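To keep things clear, I will list the structure first and then write my remarks on it.
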Number of protein chains: 4
Amino acid sequence: MPHPTFFNLPADKRNLIFEAAVEEFYEFGYAKASISRIVAKTGIAKGSFYQYFEDKKDLYKHVLEVIGRQKTEFSAAAFHDLERNDLLQMVRELFVSGIRFYRAHPKLASIAGDFAKLREPELKREITGDAAVKSNEFFIRLIERQKESGRIAPDVDAPVLADLIAFLSVYVAEHYADQALFGSEKQAMKTIDSLIWIVENGIAATNRPGR
Amino acid sequence: MPHPTFFNLPADKRNLIFEAAVEEFYEFGYAKASISRIVAKTGIAKGSFYQYFEDKKDLYKHVLEVIGRQKTEFSAAAFHDLERNDLLQMVRELFVSGIRFYRAHPKLASIAGDFAKLREPELKREITGDAAVKSNEFFIRLIERQKESGRIAPDVDAPVLADLIAFLSVYVAEHYADQALFGSEKQAMKTIDSLIWIVENGIAATNRPGR
Amino acid sequence: MPHPTFFNLPADKRNLIFEAAVEEFYEFGYAKASISRIVAKTGIAKGSFYQYFEDKKDLYKHVLEVIGRQKTEFSAAAFHDLERNDLLQMVRELFVSGIRFYRAHPKLASIAGDFAKLREPELKREITGDAAVKSNEFFIRLIERQKESGRIAPDVDAPVLADLIAFLSVYVAEHYADQALFGSEKQAMKTIDSLIWIVENGIAATNRPGR
Amino acid sequence: MPHPTFFNLPADKRNLIFEAAVEEFYEFGYAKASISRIVAKTGIAKGSFYQYFEDKKDLYKHVLEVIGRQKTEFSAAAFHDLERNDLLQMVRELFVSGIRFYRAHPKLASIAGDFAKLREPELKREITGDAAVKSNEFFIRLIERQKESGRIAPDVDAPVLADLIAFLSVYVAEHYADQALFGSEKQAMKTIDSLIWIVENGIAATNRPGR
DNA sequence: TATGAATGAGCTTTCATTCAT
DNA sequence: AATGAATGAAAGCTCATTCAT
């Protein structure tokens with residue numbers, strides 16, 4: 001976590017540093033990001049940086065935390081109006097808001113995507129904490145409930161499906177973002193619908209082929 | 001491509017270098033891998049390294065090429081006995097042989113996984129060429145054929161399904177090391193079956209619900 | 001240009017570095033000069049060097065700039081008392097102050113001489129800028145004026161003469177410096193006078209042989 | 001001197017090596033020329049190079065010797081038809097044949113020019129030996145003779161005039177590539193005439209102003 | 001709290017030369 | 001005589017971090 005000195009900074013300066021960090025992580029990734037470049041870009045003193053942050057990792061964690069919060073805010077609005085308990089509707093919204101977030105903050109989304117792919121398990125655990133686990137559990141409960149209500153086939157493997165959905169929400173956003181960015185949004189939505197439809201159909205309780 | 005010097009090396013030394021490179025890329029990833037460490041580990045002279053390889057990128061490309069070849073050999077056997085044209089069987093075998101490869105060569109698989117996540121589009125293109133595109137096209141053709149033969153519902157969006165399969169491959173690859181999903185052989189097969197089953201059911205031509 | 005860091009250094013240290021750079025460029029020339037040797041000689045950290053200077057070129061440019069300033073100061077005094085418009089008097093002073101500078105600062109003069117002979121047109125342009133052009137134009141104007149006033153023959157090729165004078169001022173200094181250094185100054189001055197006299201006579205407007 | 005092995009080489013190979021060396025010295029100068037690049041360019045083995053030449057210096061000396069011989073051949077023809085003892089005619093022919101040589105072999109001429117500027121007194125002495133001194137003495141004798149025959153004013157300082165001629169040779173050589181001075185054949189001749197004419201006039205025995 | 005100079009290990013890469021085959 | 005792999009010192013430069021002011 002950044003030192004209190006950082007949060008006591010005037011908003012201007014704090015934002016300046018944050019933006020520079022975003023630029024840096026966006027362009028070079030975590031491993032190759034350079035503190036030297038960041039302080040050069042912002043004009044703050046090298047020493048000051050270490051008053052604000054423990055080290056590079058600390059800065060990275062902060063950036064990701066902010067991104068996480070923004071992402072949550074982004075999807076929260078969408079989730080608000082959803083009929084609770086409708087998994088697919090929720091997944092759809094997850095994909096759509098993923099793409100929307102990517103369109104609104106491409107650099108933040110890209111950094112988040114890189115993080116998801118990061119090769120430093122310890123760091124990942126430090127940053128995500130049990131958020132991923134919590135989210136996963138939420139989806140699992142949702143799936144189980146829909147099995148009970150007969151909307152999802154009882155032999156669907158809930159943990160695998162929950163995990164898959166989380167995974168897809170990241171990769172789908174990244175994969176279709178350009179399409180959504182440069183093509184029509186409509187086309188992107190149609191694509192998502194096709195994808196969802198396969199999954200929906202795949203897990204539906206009705207008329208399932210015997211296994 | 002490595003210089004001929006490298007291939008003329010006695011197998012012992014060549015392997016020593018290759019193993020050291022694998023260790024290094026495995027532990028630090030491409031960006032942070034250090035030639036200095038590799039030569040220190042192997043005991044070869046710094047200058048000698050540059051007799052064998054153009055530069056770090058050249059070594060990396062070589063390692064990936066070898067991994068690619070090994071992977072291909074690995075799955076080739078599995079694909080041999082397959083009924084051609086059965087999409088799902090093929091995908092299933094893809095996943096299974098992926099896991100087997102990971103079990104046999106965890107470090108190589110890990111390096112390959114990192115490469116997939118690499119943030120250097122140009123380098124990726126250099127190495128993979130248009131393999132990804134080719135593979136995508138192959139799957140699309142396969143899907144179309146299975147639609148004609150009535151095994152896949154005609155209203156399935158072929159490119160989207162091909163994408164989904166690619167996503168799933170990545171998903172499986174990224175979770176190789178996940179104990180919960182792929183810990184035991186039994187667990188691994190169960191997870192793969194769950195994934196395949198969702199897709200199979202999602203695209204089946206029989207008894208489909210209206211959209 | 002060196003970074004402000006360098007100019008903020010205590011004079012002692014700054015001079016130490018400057019002297020070491022002069023020694024290095026004097027002994028090895030630009031191409032073979034080694035930053036590593038300079039930092040070793042001065043005892044400063046490698047990293048510190050790069051706090052002071054952008055790179056080797058930056059250091060070289062700085063050294064040459066200082067030399068240029070010192071040279072200018074050197075000749076400025078001499079030029080002060082000159083009757084404006086007397087070309088030969090000026091040329092004589094140019095040669096003499098060239099030799100004096102060489103005697104006072106042989107290493108600096110040697111570095112400047114090397115620079116004049118440097119095989120890197122772009123770098124040369126960067127450093128001299130249009131100073132050479134300006135100086136050339138000044139001499140051309142002077143020559144033209146003396147043609148009008150009848151002291152120089154009208155058929156003298158002004159640009160060639162101006163160029164030649166600039167060239168000679170460097171080479172004469174280098175050539176006669178040793179003489180001036182180890183022989184008597186008087187002898188050196190006599191030599192210069194002989195040289196000037198040939199040129200003077202060669203371009204005089206009076207009693208010229210037909211061509 | 002190159003080892004006998006070099007001269008025993010088939011002419012093809014020998015020329016190949018020579019041309020590559022010329023290219024290298026032309027492009028990078030002596031200090032930065034790289035044996036590694038030369039052997040790469042020619043395809044000969046690194047070890048073979050050291051069978052032919054002692055080291056880089058040895059190769060350089062050889063190249064310069066060949067250039068020297070070619071230059072001599074070049075001017076020899078021109079000097080053949082000259083009235084012996086006419087200093088200015090000789091100097092003029094020196095300049096003209098210099099330019100012709102540059103036109104015919106720009107790279108060789110450029111290497112020779114670089115050599116003249118080289119900062120390695122010992123190497124220079126090794127290569128030129130006392131040629132410069134000999135040439136100087138030759139000109140002094142010529143001048144003295146022309147003084148006696150009344151074509152040069154008796155009060156001309158012979159050693160200084162010899163020096164001036166040497167300076168001018170360097171001046172001409174250094175400006176070969178200068179479009180403004182030596183661009184067209186006509187321009188070249190005009191510039192040379194201007195230079196000669198200044199000297200000629202400067203040292204003429206007739207109608208001299210008192211000193 | 002802010003500063004920014006100092007640090008030196010570290011990086012990738014090139015070099016001329018040697019030497020066993 | 002020819003080879004070309006081996007060598008390791010040296011190059012220029014960047015890095016995250018410390019610390020005295």
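We name chains A, B, ... by the order of the sequence lines, and we start the count at 1 in each one. Predicted model only: the values in this text are computed from it and were never measured.
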Nearest-Å distance for atom pair CD1/P, residues A:I38 and F:dC15: 11 Å
Short side-chain N/O contact to F:dG12 OP1/OP2 from C:K56, under 4.0 Å: yes
Whole-Å distance separating the CD1 atom of D:I35 from the P atom of F:dT7: 21 Å
For atom CZ of D:R37 and atom P of E:dT17, their distance in whole Å: 15 Å
Distance test, side-chain N/O of B:Y52 to OP1/OP2 of F:dA6, below 4.0 Å: yes
DNA chain F: 5'-proximal contact among B:F49 and A:E54 (nearest heavy atom): B:F49
Sugar-phosphate, base or nothing in reach of B:D55, heavy atoms under 4.0 Å: sugar-phosphate
Whole angstrom value for the distance that separates C1' of F:dC13 from CG of C:L59: 14 Å
Atom-to-atom span, NZ of D:K46 to C1' of E:dT18 - whole angstrom: 11 Å
Ionic contact status for B:E65 with B:K61, cut-off 4.0 Å: no
Interatomic distance, D:I44 CD1 vs E:dT17 P [rounded to whole Å]: 14 Å
Out of E:dA2, F:dA11, F:dA5, whichever nucleotide has its closest atom nearest the side chain of C:S36: F:dA11
Residue met sooner reading DNA chain E from 5', once C:G43 and B:Q51 are mapped to nucleotides: C:G43
Interatomic distance, A:F49 atom CZ to A:I17 atom CD1 [nearest 0.5 angstrom]: 8.5 Å
Interatomic distance where NE2 belongs to A:H3 and C1' belongs to F:dT17 [whole Å]: 13 Å
Distance (rounded to the nearest 0.5 Å) between C:Q51 CD and C:I44 CD1: 10.0 Å
Any strand: nucleotide that pairs with F:dT18 via Watson-Crick or wobble, under 3.5 Å: E:dA5
Positive for salt bridge (charged side-chain N to carboxylate O under 4.0 Å, His left out) with A:K41, one of A:E19, A:E24, A:E27: A:E24
Phosphate OP1/OP2 of F:dA5: any B:T5 side-chain N/O under 4.0 Å: yes
Of C:G47 and B:S34, the one whose closest DNA chain E nucleotide lies more 5': C:G47
Whether D:F18 and D:H62 hold their rings parallel, tilted or perpendicular, with breakpoints at 30° and 60°: perpendicular
Whole-Å gap separating P (E:dA16) and NZ (D:K32): 10 Å
Sugar-phosphate only, base, or nothing, as touched by A:A33 at under 4.0 Å among non-hydrogen atoms: sugar-phosphate
Phosphate-side-chain proximity, B:Y50 and E:dT13, N/O vs OP1/OP2 below 4.0 Å: yes
Presence of B:K13 side-chain N/O under 4.0 Å of F:dA6 phosphate oxygens OP1/OP2: yes
